[in-house]
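Down below is the structure, laid out as structure tokens.
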Amino acid sequence: MHPLFHRLFVDFCTYFNGNQDYFECHEVLEEYWKEVAPGDKNHPLVGYVQLATGMYHWRRNNRNGAMKILEKALHNFSTNQTSPFFDFIHFNQLYNDCENSIALIKKGDEFTPFQIIIQNNELSALVHQKISELPTVPLNYLLHKHMLRDRSDILIARNKKLEERQLNKKNKKRPT
């Protein structure tokens, strides 16, 4: 199976081109990246995650954050353009749309979404089918999704790591 047909990449394209749920784009591609190349911060999937994150920040009017992360996405794309993760994507259009978004942000223009152009009929059909199944989501939810999600599992894991570090520090300080 080609890597762009992976269900998580299809979901990414669905959210990006469908309801523009950039937060969910980030979530699904981060999961895919961890499966394929955990720790490789130069992997093309990281560029797509950066793209979604930049669009999320721009829509929330965090222009500085959006510009910085979109520039990182551009750099990632340019260094990975021969990767199979761009095989069925109109790479030049994607790159130009990123550059254009950065220019619009610098000018102070309002958020302007764009579509990722898929150049494979089968992949395009999969994405369009999934888009038709997406629920309608209020803009306010999309704007503040990072604050509205249940983060209890993340907070529990973070506290557990902190407690372990503190315990390790105590054990290192004890004389033997």
Side-chain angles (χ1 to χ4, degrees), residues 4 8-34 37 39-83 85-120 123-124 126-128 130-151 154-155 158:
L4 295 187
L8 293 172
F9 191 83
V10 171
D11 286 348
F12 166 79
C13 291
T14 300
Y15 293 123
F16 196 96
N17 288 353
N19 60 6
Q20 299 161 359
D21 188 342
Y22 302 118
F23 185 86
E24 205 58 41
C25 288
H26 173 280
E27 295 293 297
V28 297
L29 266 202
E30 186 174 62
E31 182 180 339
Y32 188 22
W33 169 67
K34 286 178 180 178
D40 180 359
K41 300 205 186 270
N42 297 315
H43 194 276
L45 289 175
V46 173
Y48 285 116
V49 169
Q50 292 166 330
L51 169 63
T53 303
M55 297 301 282
Y56 186 77
H57 283 303
W58 187 16
R59 183 169 52 202
R60 296 189 79 247
N61 211 23
N62 175 359
R63 295 174 186 285
N64 195 33
M67 193 171 52
K68 285 180 182 178
I69 198 78
L70 286 173
E71 286 171 344
K72 288 180 181 183
L74 265 182
H75 177 73
N76 181 296
F77 293 163
S78 68
T79 59
N80 288 301
Q81 69 185 77
T82 59
S83 165
F85 285 90
F86 295 109
D87 280 354
F88 306 133
I89 303 301
H90 191 306
F91 181 85
N92 290 337
Q93 187 64 54
L94 175 65
Y95 196 88
N96 290 340
D97 286 337
C98 286
E99 282 186 319
N100 186 51
S101 294
I102 292 167
L104 291 173
I105 292 166
K106 286 179 179 178
K107 283 181 19 184
D109 284 5
E110 293 298 313
F111 170 73
T112 307
F114 62 86
Q115 301 277 299
I116 294 174
I117 308 301
I118 300 167
Q119 298 180 302
N120 175 284
L123 181 58
S124 183
L126 274 171
V127 169
H128 281 87
K130 290 198 81 167
I131 287 172
S132 72
E133 298 166 2
L134 284 174
T136 303
V137 183
L139 177 60
N140 193 46
Y141 179 73
L142 293 175
L143 281 172
H144 306 294
K145 194 166 184 179
H146 72 285
M147 295 186 294
L148 302 172
R149 66 188 168 132
D150 178 11
R151 300 191 63 219
I154 295 167
L155 296 174
R158 186 180 294 159

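What you see is a predicted model, and the numbers here were worked out from it, not measured in a lab.
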If you take all heavy atoms of [X] and [Y], which pair is closest and at what distance?
X	Y	value
Leu51	Leu94	CD2-CD1, 3.8 Å
Leu70	Met55	CD2-N, 4.3 Å
Leu123	Asn120	N-OD1, 2.8 Å
His43	Asn80	C-ND2, 4.1 Å
Ile105	Ala66	CD1-CB, 3.8 Å
Ile69	Thr53	CG2-C, 4.0 Å

Can you find a pair of side-chain heavy atoms, one from [X] and one from [Y], that are under 4.5 Å apart?
X	Y	result
Phe9	Ile89	yes
Tyr15	Leu134	yes
Leu74	Tyr95	yes
Phe114	Asn100	no

For the [atom1] atom of [X] and the [atom2] atom of [Y], what is their distance to the nearest 0.5 Å?
X	Y	atom1	atom2	result
Lys41	Trp33	NZ	CH2	5.0 Å
Leu4	Ile118	CG	CD1	8.5 Å
Leu29	Gln50	CG	CD	11.5 Å
Phe111	Leu104	CZ	CG	11.0 Å
Glu24	Asp11	CD	CG	8.5 Å
Arg63	Lys68	CZ	NZ	15.5 Å

message: The criterion is side chain to side chain contact (heavy atoms under 4.5 Å, CB included); which residues satisfy it with Leu126, sequence neighbours excluded?
response: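 So Leu126 forms a side chain to side chain contact (heavy atoms under 4.5 Å, CB included) with Phe5, Val10.
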task: Check the angle between the aromatic planes of Phe86 and Tyr48 and answer parallel, tilted or perpendicular using the 30° and 60° thresholds.
output: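 Because their plane-to-plane angle lies in the 30° to 60° range, the rings of Phe86 and Tyr48 count as tilted.
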query: Can you say whether the rings of Tyr56 and Phe23 are parallel (under 30°), tilted (30 to 60°) or perpendicular (over 60°)?
result: tilted
Trp58 (side chain) donor-acceptor with Pro113 (main chain) under 3.5 angstrom: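 Checking the backbone N and O of Pro113 against the side chain of Trp58, no donor-acceptor pair under 3.5 Å is found.
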field: Main-chain N/O of Thr136 paired with Asn19 side-chain donor or acceptor, under 3.5 Å
entry: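 Checked: no pair found.
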message: Within a 6.0 Å radius of atom CD on Glu110, are there more than 12 heavy atoms belonging to other residues, nucleotides or ligands?
response: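 No, not enclosed.
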message: Among Asp21, Val127, Val28, exactly one meets side chain to side chain contact (heavy atoms under 4.5 Å, CB included) together with Thr14. Which residue is that?
response: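 So the option named by the test is Val127.
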